[in-house]
Amino acid sequence: MANNSKNNRTRRTTRSSGETRITLSRFSFWVVIAIGIAMAVSGFFNFFDWAWVDKACRWIQSLCFALGMIVPIILSYNSARSRGTAMFVLWIILVVLVAFGITSTIIGLIRSVI
């Protein structure tokens with residue numbers, strides 16, 4: 001009887017790691033498409049020797065790099081957690097440094113445009 005009552009309980013649904021990987025796979029697919037298109041357009045416009053085109057190309061490349069860093073950061077989270085507290089703290093520090101680097105690059109690009 002005890003086993004039967006256990007089956008009747010309502011279970012909380014949680015996202016499995018398989019669902020998360022599918023979502024990240026789809027996200028990374030679209031990120032690669034966006035980066036490819038942006039880099040192709042950026043490369044095409046680099047043939048022109050206009051200052052605004054150079055600034056726009058640097059802006060696009062920085063945004064592509066920022067988007068490209070999202071998936072590895074998310075996927076590395078579980079690995080960092082499983083390696084212990086010291087490695088997880090190191091991972092957090094490095095993620096903050098990556099975010100700071102991307103943010104400072106984008107702010108520098110915004111200042112050069114304005």
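Basis for what follows: all heavy atoms, side chains included, without hydrogens, waters or symmetry-related copies.
Considering all non-hydrogen atoms of both residues, Ile73 and Trp91 come closest at O-CZ2, 3.4 Å.
One hydrophobic cluster holds both Ile35 and Phe27 under the rule that ILVMFWY side chains link at heavy-atom gaps under 4.5 Å. Under the 4.5 Å side-chain heavy-atom criterion for Ile, Leu, Val, Met, Phe, Trp and Tyr, Ile92 and Val95 are members of the same hydrophobic cluster. Placement of Ile37 and Trp30 within a single hydrophobic cluster is found when ILVMFWY residues are connected by side-chain heavy-atom separations under 4.5 Å, directly or transitively. If you chain together hydrophobic residues whose side chains sit under 4.5 Å apart, Leu67 and Ile74 fall into the same group. Under the 4.5 Å side-chain heavy-atom criterion for ILVMFWY residues, no single connected hydrophobic cluster contains both Val98 and Met87.
Residue-environment remark: CZ (Phe44) stays at or below the threshold of 12 foreign heavy atoms within 6.0 Å. The number of heavy-atom neighbours closer than 6.0 Å to CZ of Phe88, taken from other residues, nucleotides and ligands shown, is above 12.
Counting heavy atoms from C-beta outward, Thr23 and Arg26 have side chains that stay 4.5 Å or more apart. Residues Leu94 and Leu97 form a side-chain contact, since some pair of their non-hydrogen atoms from C-beta on lies under 4.5 Å apart.
Taking OH from Tyr77 and OG from Ser82, the interatomic distance works out to 11.0 Å, rounded to the nearest 0.5 Å.
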